[in-house]
Amino acid sequence: MISRRKKIAVFASGFGSNFQAINDYIKNKGINGYIGLLFSNNPGAYALQRAEKDNIATYALDPKDFNDRKEYDQEIAKVLKKENIDIIVLAGYMLLFTPGLVNLFKNRIINIHPSLLPAFKGTQGIKDAYDYGVKVTGVTVHFVDAELDHGPIILQKEVAVNDSYSLKDLEERIHQVEHDLYPKAVEYLCSDRLQIKGRKVIIREKEV
Ligand code: GRF
């Protein structure tokens with residue numbers, strides 16, 4: 001039995017192309033969830049404009065206006081509670097959640113990272129892989145725990161690095177794959193198809 005529709009908060013710090021891909025997928029295909037909120041730590045994020053265009057509620061809080069990250073995340077927790085958020089989708093959110101916020105949404109926060117984790121963690125996953133000279137890199141969607149780019153892996157997809165690729169070519173290819181992969185992971189999570197067993201995530205068959 002599929003549960004009630006999940007209310008999703010997407011967190012983005014910048015361009016928001018992954019937010020857009022998820023939003024388009026939900027609008028075109030329909031899943032057991034909807035984006036009820038776009039949150040940003042950056043009041044100038046283009047992602048906020050994308051959400052506004054679709055009449056999705058937006059919320060921007062600048063960490064500089066808070067004493068520390070704990071206080072900042074406590075304020076975020078209040079917003080999420082007030083909005084009755086079920087699931088958090090990090091899509092280019094450039095801050096690490098404090099453990100308190102991670103625990104509050106345990107196994108209900110997912111992130112996308114532009115490399116095949118555990119390789120090339122951090123903010124420059126595409127460039128780091130390219131500079132390293134790897135022949136294959138890719139995209140990872142994973143649950144979020146308190147460690148950077150670390151939680152159990154939901155989906156991964158490889159991307160071959162052709163010898164002719166510039167860094168920009170690789171970035172474009174990675175983003176295409178992200179936009180294909182991330183909405184599917186959101187769909188699985190919303191329909192309770194993901195089961196975490198230690199570090200492994202089992203994707204259950206769709207109910208018919
Ligand atoms: C993506 O490459 C994602 O993997 C990383 O940040 C980037 C966000 O891009 N975490 P966008 O803002 O969704 O366009």
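Between Arg193 and Glu187, none of the side-chain N atoms (NZ, or NE/NH1/NH2) sits under 4.0 Å from a carboxylate O, so this pair counts as no salt bridge. Ion pairing of Lys64 with Asp62 is present here, as a side-chain N (NZ or NE/NH1/NH2) and a carboxylate O approach within less than 4.0 Å. Salt bridge status for Asp169 with Arg173: absent, with no side-chain N to carboxylate O gap under 4.0 Å. Classification of Asp73 and Arg69 as a salt-bridged pair holds, one side-chain N sitting under 4.0 Å from a carboxylate O.
With a 4.5 Å cut-off between side-chain heavy atoms of Ile, Leu, Val, Met, Phe, Trp and Tyr, the cluster of Met94 takes in none. The hydrophobic cluster containing Phe15, built from Ile/Leu/Val/Met/Phe/Trp/Tyr side-chain heavy atoms closer than 4.5 Å, also comprises Tyr46.
Using a 4.5 Å cut-off on side-chain heavy atoms (C-beta onward), Gln195 and Val201 make no contact. You'll find the side chain of Ile110 stays beyond 4.5 Å of the side chain of Val144, heavy atoms only. Between Ile126 and Ser115, every side-chain heavy-atom pair lies at or beyond the 4.5 Å cut-off. The closest side-chain heavy-atom distance from Glu172 to Lys168 is below 4.5 Å. His179 places none of its side-chain heavy atoms less than 4.5 Å from the side chain of Ile22. Side-chain contact between Val136 and Leu116: present, with at least one pair of heavy atoms (C-beta onward) separated by less than 4.5 Å. Side-chain contact between Ile85 and Leu37: present, with at least one pair of heavy atoms (C-beta onward) separated by less than 4.5 Å.
No hydrogens or angles considered: nothing links the side chains of Asp180 and Gln176 as a donor-acceptor pair under 3.5 Å. With 3.5 Å as the limit, one finds no donor-acceptor pair spanning the side chains of Ser191 and Asn32.
Contact between Leu101 and Ala77 at its shortest, heavy atoms only, is CD1-CB, 4.1 Å. The two residues Ile8 and Gly33 have their closest heavy-atom pair at CD1-C, 4.4 Å. Annotation for Ser40 and Asn42: closest pair OG-N, 3.0 Å, computed over non-hydrogen atoms. Contact detail for Pro43 and Ala60: the closest heavy-atom pair is CA-CB, 4.0 Å.
Residue pairs meeting the side-chain hydrogen bond (donor to acceptor under 3.5 Å, both in side chains) criterion with at least one member in residues 5-15, sequence neighbours excluded: Ser3-Lys6, Lys6-Asp192, Lys7-Glu83, Ser13-Asn41. Residue pairs meeting the ring-ring contact (aromatic ring centres under 6.0 Å, His included) criterion with at least one partner in residues 144-171, sequence neighbours excluded, are absent. Sorted by first and then second residue, the side-chain hydrogen bond (donor to acceptor under 3.5 Å, both in side chains) pairs involving residues 99-111 (not counting sequence neighbours) are Asn111-His142. Every pair passing ring-ring contact (aromatic ring centres under 6.0 Å, His included) that includes a residue from residues 70-104 is listed here, sequence neighbours excluded: Phe11-Tyr93, Phe11-Phe97, Phe66-Tyr72, Tyr93-Phe97.
Among residues two or more places apart in sequence or in another chain, the side chain to side chain donor-acceptor pair (under 3.5 Å) test is passed with Asp163 by Lys135. For Lys121, the side chain to side chain donor-acceptor pair (under 3.5 Å) criterion is met by no residue, not counting sequence neighbours. For Tyr182, the ring-ring contact (aromatic ring centres under 6.0 Å, His included) criterion is met by no residue, not counting sequence neighbours. Among residues two or more places apart in sequence or in another chain, the side chain to side chain donor-acceptor pair (under 3.5 Å) test is passed with Glu171 by none. Shown here are the side chain to side chain donor-acceptor pair (under 3.5 Å) partners of Glu75, two or more places apart in sequence or in another chain: there are none. Annotation: ring-ring contact (aromatic ring centres under 6.0 Å, His included) contacts of Tyr132 (sequence neighbours excluded): Phe120.
Taken to the nearest 0.5 Å, the CD atom of Gln124 stands 14.5 Å off from the OH atom of Tyr130. Thr58 contributes atom OG1, which lies 5.5 Å from atom CG of Leu48 (distance to the nearest 0.5 angstrom).
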Subject >> Glu178/His175 under side chain to side chain donor-acceptor pair (under 3.5 Å): CA gap, chis, key distance, verdict >> reply: CA-CA 5 Å; Glu178 287 186 334; His175 293 314; 3.0 Å; yes

